[in-house]
Amino acid sequence: MQVIATAGHVDHGKSALVRALTGMEPDRWAEERRRGLTIDLGFAWTKLPGGERVAFVDVPGHERFVPNMLAGVGPVPAVLFVVAADGGWMPQSAEHLAAIDAVGIRHGLLAVTRSDLADPGPATRQALDRISRTSLAAVPAVAVSAVTGAGLPELRDALSRLVSALPVPDPAAPVRLWVDRAFSIRGSGTVVTGTLPAGTVTTGQELLLTPSLRPARIRGLESMNEPVASAGGVARVAVNLRGVPAGFPARGMALVEAGRWTLTRLVDVRLSSRDPGVTLPPELTLHIGSARTQARIRLLGESPIARLALRDPLPLHVGDRVLLRDPGSAAVTLLGATVLDVVPPALARRGAATAAGRELAAWPEPPSAADLLRRHGFLRAGALVAMGVAGGHRPAAGDWLADPDRWASLRGRLAEIVAAHARRDPLAIGMPPEAARAALGLPDRALVEVLARGAQVRLEDGYLRPAGSAEARDLVADDSVADDSVADDSVAGERAPSLPPRTAAAVKAVLADLKGTPFLAPDAGRLRELGLDARAIAAAARAGLLLRVSEQIVLAPDARAQATRILGRLPQPFTTAEARQALGTTRRVAIPLLEYLDRAGVTQRLPDDRRRLRLAPGSTRVVSWSRSPRRNGRTWTSDMTGLVAC
Ligand SMILES: Nc1nc2c(ncn2[C@@H]2O[C@H](COP(=O)(O)OP(=O)(O)OP(=O)(O)O)[C@@H](O)[C@H]2O)c(=O)[nH]1
Ligand SMILES: [Mg+2]
């Protein structure tokens, strides 16, 4: 089935023609029939010679009822344009055609009516000329008389050809049924009717009624007065709704599928065919489907791009065509616009509007998911579906889709801010992902976690640290082995310049304590006195300034290498007492130190509680390499020695 709307000036014979074609009365109201004037939309249908079924939405031609006309034309794919042979081209001929062009309807037919009253030639030529300059372009023309019936068979054939050539919409497309009539039937309840442009509605299906998003279940369906179990667009449908009180629905509301539309009050659009000479009023009436609302318009720079703030929220897709009209102007301003973004970002910065205008002006029509992702950086997959542009993108994390360029640059930024955080607050275990999320302006913490994997950042124990930080600590420890001169002052002074002064001083004091007796670790009292609590010790250890052997035992960073050397000189295996003696320390330190060395794989504990070095000095190959780490603006070069098992 297809649905065709009439169009044309008042009294040019639209309703008479629909009546002649269908045998049905499109003027539903007694007042319309009494006055011989269509006021509101009328509906009639018939079967064409080729067997196609077609419904007509008959619109009023009078200038006062243009909003009703627009509600009828809004959702249809094709028009039957009517011009009277004896009337010729008239103001509402022009206005209706401008509306059709603004909405972007591309299929139609010209009927030159009342051809029994005048030669249809001049009106036909005039109308075809005007029509050819619009979205309808070249259309077939038929001269008819609703009174004599002349030309009606030709018109039916032409309609047949038009209908069979119309595109078949996707039956799986998202449902948006604009309500053009609502009434209640005793015993059945609330009924709404509309032109379903695409998708399928089925009995039992639950839809949402916009703008309230009130759930409404389809209790029964009719198409052309016949009960049906389901109907696919294009179709005229009458929907009996459960859960909606009589008197609630009204023209301009829409039945939509949940999650497949964006209900929005703010849109960015591209204005089409804008005459630069015409100054737009600050407020226009926006029409789409059967809906209309007020729209405040803000032009974004010099471009044809505008931001519209709507009085009422509408269910929209990117790519929707809307019509803007200024009923107050002398020569009624009427223009079309394509929706480019249904959740446009705020324009807070200076120059943001101009920049947005420039960006959107370069977008294709309709825009793709990639265009929207580029603008927003991140969008949930569901949001893209609701924008009507989903397709083909793999989520970066969870259901978040990311613009590839933004993602790549954020990797670098994450590494930077994590490194800066570590420099600023070396006592912190790392940067909380939430802080990184906020700093990068990301919408979800899950994105930080995935981003960290590709960046020079480690996520450990729930905190972010620079990826090089472990090596940096090793470097400090090994440097001090290689070059004793950097072990004290320069360690605390140069290598952790941003360690809080109190902590740096405490670390220095500990290192001084350990100078002659490297394995006599400061006891709990001394640590307390120096203000070295667990957090400060952890930070100093992370910075490589102290070696944390256990919770309570800290030594100089080179203690491990020194212990390895000393224990290597003992006869293997050795007892704890022998180790304690050789290291010149007490059991308080020796036992945790040996356990630490066990864990580190330096020593091996035997069943008899004695130990031996896993890597006896003779069986160890020493590998040397050098690095030039850049720290604090100074370049360091140091030879480091590491033990690598062969
Ligand atoms: N002689 C003659 N009269 C016609 C023909 N078509 C319509 N009329 C007459 O023209 C007048 C207007 O016809 P309508 O069909 O009501 O016109 P309309 O375009 O629907 O008008 P609105 O809906 O008010 O815009 C009526 O009196 C019709 O009887 C025709 O082909 N020949
Ligand atoms: Mg009429």
Side-chain angles (χ1 to χ4, degrees), residues 174 259-272 274 286 288 295-310 313-322 324 336-414 436-448 450-451 454:
R260 300 187 78 178
W261 296 89
T262 305
L263 191 72
T264 180
R265 264 206 175 93
L266 198 67
V267 289
D268 282 353
V269 300
R270 177 187 284 113
L271 304 169
S272 47
R274 188 179 152 229
L286 178 145
I288 181 167
R296 258 188 303 111
I297 185 163
R298 174 182 178 189
L299 294 171
L300 303 185
E302 296 296 304
S303 63
I305 307 299
R307 177 157 295 189
L308 305 179
L310 313 181
L314 292 172
L316 297 178
H317 270 172
V318 165
D320 269 340
R321 290 284 298 178
V322 299
L324 297 163
T338 302
V339 174
L340 298 177
D341 197 343
V342 287
V343 281
L347 300 171
R349 275 185 304 107
R350 258 177 81 85
T354 311
R358 212 176 303 119
E359 182 191 1
L360 295 186
W363 280 19
E365 211 162 293
S368 66
D371 296 315
L372 283 141
L373 270 175
R374 198 172 342 103
R375 179 174 211 205
H376 289 266
F378 296 89
L379 286 169
R380 285 187 189 278
L384 270 180
V385 169
M387 288 180 174
V389 291
H393 287 257
R394 256 187 346 119
D399 64 346
W400 285 101
L401 302 171
D403 171 53
D405 291 344
R406 177 84 66 95
W407 189 249
S409 78
L410 279 169
R411 278 210 180 108
R413 287 264 299 123
L414 178 67
R437 185 204 64 72
L440 296 177
L442 291 172
D444 193 315
R445 228 178 72 181
L447 290 165
V448 176
V450 179
L451 200 56

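Since the structure is predicted, the reported quantities are computational estimates derived from the model, not experimental observations.
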Quick one: [atom1] on [X] to [atom2] on [Y], what's the gap to the nearest 0.5 Å?
X	Y	atom1	atom2	answer
L379	L384	CG	CG	5.0 Å
D341	L266	CG	CG	9.0 Å
E359	L340	CD	CG	10.5 Å
F378	L410	CZ	CG	5.0 Å
L263	L316	CG	CG	8.0 Å

Practice prompt. Given side-chain contact (heavy atoms from CB on, under 4.5 Å), test R406 with L373 step by step and report yes or no.
Written response: CA-CA 9 Å; R406 177 84 66 95; L373 270 175; over 6 Å; no

Discussion item. If only side-chain N and O atoms count, and only distance matters, is there a donor-acceptor pair under 3.5 Å linking T338 with R321?
Written reply: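 A pair is found: one side chain offers a donor N or O, the other an acceptor, under 3.5 Å apart.
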
Discussion item. Pairing donors with acceptors under 3.5 angstrom, does anything connect the side chains of W400 and D444?
Written reply: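 Short answer, yes.
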
Practice prompt. Test side-chain contact (heavy atoms from CB on, under 4.5 Å) on V450 and W407 and set out the steps.
Written response: CA-CA 10 Å; V450 179; W407 189 249; 3.9 Å; yes

Would you say [X] and [Y] make side-chain contact, with heavy atoms under 4.5 Å?
X	Y	result
P344	R375	yes
V385	W261	no
L314	L286	yes

Fill in: Set of residues satisfying salt bridge (charged side-chain N to carboxylate O under 4.0 Å, His left out) with respect to R307, sequence neighbours excluded
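Checked R307 against salt bridge (charged side-chain N to carboxylate O under 4.0 Å, His left out); matches are D268.
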
Practice prompt. Would you please name every residue forming a salt bridge (charged side-chain N to carboxylate O under 4.0 Å, His left out) with R296, sequence neighbours left out?
Written response: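 Listed in chain order: nothing, the list is empty.
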
Looking at every heavy atom in both [X] and [Y], which two are closest together, and how far apart are they?
X	Y	result
L300	A356	CD1-CB, 4.1 Å
P304	A361	CD-CB, 4.5 Å
R270	P364	NH1-O, 4.3 Å
A402	A396	CB-CB, 3.9 Å
V318	V342	N-CG1, 4.1 Å
L440	R413	CD2-CB, 3.7 Å

Fill in: Results of side chain to side chain donor-acceptor pair (under 3.5 Å) for R437 - residues two or more places apart only
E434

Spell out, as yes or no, whether a donor-acceptor pair under 3.5 Å connects the side chain of [X] to the backbone of [Y].
X	Y	answer
H376	D371	no
R298	A306	no
R260	M387	no
S303	I305	yes

Discussion item. Salt bridge or not between R380 and D399? Use side-chain N to carboxylate O under 4.0 Å.
Written reply: yes

